[in-house]
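Report on the following structure.
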Amino acid sequence: QVELVESGGGSVQAGGSLQLSCSASILEKSGWCMAWFRQAPGAEREGIATIYVGNGQTNYADSVKGRFTISQDRAKKTLYLQMNSLEPEDSAVYYCVADWGYCNDGYIDPKVFVYWGQGTQVTVSA
């Protein structure tokens, strides 16, 4: 059973920072591709970052590159998303997501991922 539980969402002013966490017992196995997605009201789900558990290789969407960092602590079985220089356009529900296998380069396709957390709300005010 794959269980992904996000935490750390909240409200912050533009320019501020937040760190999201995802409790994921599956991190004890190397073959997972972990990702963060987000979805704003009326918008499609957007893949913003991936990390391959086995070697820590990461991939980012252009919209967050240089501002957000995905990381993992396998001992704590926790996935992180450090978000800096937040903008109102970053407001969305953020999801921790997983799929077995290597992470693809480039576009982060939501159709590839099977397991989704319940999401956590991030609100950035101007």
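Both backbone and side-chain heavy atoms feed into the values below; hydrogens, waters and symmetry mates do not. Just so you know, these numbers come straight off a predicted model, no measurement behind them. For this chain, numbers begin at 1 and follow the sequence in order.
Judged purely by atom type and a 3.5 angstrom limit, Arg74 uses its side chain to pair as donor or acceptor with the backbone of Leu27. The closest donor-acceptor contact from the side chain of Arg67 to the backbone of Ser85 lies under 3.5 Å. Side-chain atoms of Gln72 never come within 3.5 Å of backbone atoms of Tyr80 as a donor-acceptor pair (strictly under, hydrogens ignored). Checked by atom type and distance alone, the side chain of Thr78 pairs as donor or acceptor with a backbone atom of Lys76 at under 3.5 Å. The backbone N or O of Val124 lies less than 3.5 Å from a partner atom in the side chain of Ser91, making a donor-acceptor pair. Side-chain atoms of Asp105 do not come within 3.5 Å of backbone N or O of Asn59 as any donor-acceptor pair. Judged by distance alone, the side chain of Thr120 and the main-chain N or O of Gly9 form a donor-acceptor pair under 3.5 Å.
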**Message:** Does Asn84 form a side-chain hydrogen bond (donor to acceptor under 3.5 Å, both in side chains) with Ser17? I'd like the steps, not just the answer.
**Reply:** CA-CA 4 Å; Asn84 298 329; Ser17 298; 2.9 Å; yes
**Request:** Give the C-alpha distance, both sets of side-chain angles, the deciding distance and a yes or no for side chain to side chain contact (heavy atoms under 4.5 Å, CB included) between Ile108 and Tyr60.
**Result:** CA-CA 8 Å; Ile108 303 169; Tyr60 295 93; over 6 Å; no
**Request:** Decide yes or no on side chain to side chain contact (heavy atoms under 4.5 Å, CB included) for Val112 and Asn104, but give the supporting numbers first.
**Result:** CA-CA 9 Å; Val112 170; Asn104 294 327; 4.3 Å; yes
**Item:** Trace of the side-chain hydrogen bond (donor to acceptor under 3.5 Å, both in side chains) decision for Gln118 with Glu6
**Value:** CA-CA 7 Å; Gln118 82 287 351; Glu6 303 96 336; 3.2 Å; yes
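Both Ile70 and Trp100 belong to a common hydrophobic cluster when Ile, Leu, Val, Met, Phe, Trp and Tyr are linked at side-chain heavy-atom distances under 4.5 angstrom. Both Met83 and Val64 belong to a common hydrophobic cluster when Ile, Leu, Val, Met, Phe, Trp and Tyr are linked at side-chain heavy-atom distances under 4.5 angstrom. When hydrophobic clusters are built by joining Ile, Leu, Val, Met, Phe, Trp and Tyr residues whose side-chain heavy atoms come closer than 4.5 Å, directly or via intermediates, Val122 is not grouped with Val97. Placement of Phe68 and Phe113 in two distinct hydrophobic clusters is found when ILVMFWY residues are connected by side-chain heavy-atom separations under 4.5 Å, directly or transitively. Under the 4.5 Å side-chain heavy-atom criterion for ILVMFWY residues, no single connected hydrophobic cluster contains both Tyr95 and Val53.
Contact check for Ser71 versus Gln82: no side-chain heavy atoms found under the 4.5 Å cut-off. You'll find the side chain of Thr50 stays beyond 4.5 Å of the side chain of Gln57, heavy atoms only. Side-chain atoms of Thr123 and Val12, non-hydrogen and from C-beta on, never get closer than 4.5 Å to each other.
Trp32 and Tyr115 have perpendicular rings, their planes meeting at more than 60° on a 0 to 90° scale where under 30° would count as parallel. Phe37 and Trp116 have tilted rings, their planes meeting at an angle from 30° to 60° on a 0 to 90° scale.
Residue Pro88 comes nearest to Ser125 through the heavy atom pair CG-C, 4.4 Å, listed as atom of the first residue, atom of the second, then distance. Heavy atoms only, all atoms of each residue included: Ala92 and Ala40 are closest at CB-N, 3.8 Å.
Applying the salt bridge (Lys or Arg N to Asp or Glu O under 4.0 Å) test to Lys77 and every residue at least two apart in sequence or in another chain returns Glu28.
Dense packing is recorded around NZ of Lys65, with more than 12 heavy atoms of other residues, nucleotides or ligands lying under 6.0 Å away.
How far CZ of Arg45 is from CD of Gln39: 5.0 Å, rounded to the nearest 0.5 Å. Separating the CD atom in Glu3 from the SG atom in Cys96 is a distance of 11.0 Å, to the nearest 0.5 Å. To the nearest 0.5 Å, atom SG of residue Cys22 and atom OH of residue Tyr94 are 15.0 Å apart. Atom OG1 in Thr58 sits 6.5 Å away from atom CD1 in Ile51 (nearest 0.5 Å). Interatomic distance, OG of Ser63 versus CD of Glu46, reported as 3.5 Å (0.5 Å rounding). In this structure, CG in Leu81 is found 6.0 Å from CH2 in Trp36, a value given to the nearest 0.5 Å.
When each of Leu20, Asp90, Val93 is tested with Arg38 by the rule side-chain contact (heavy atoms from CB on, under 4.5 Å), just one qualifies, namely Asp90.
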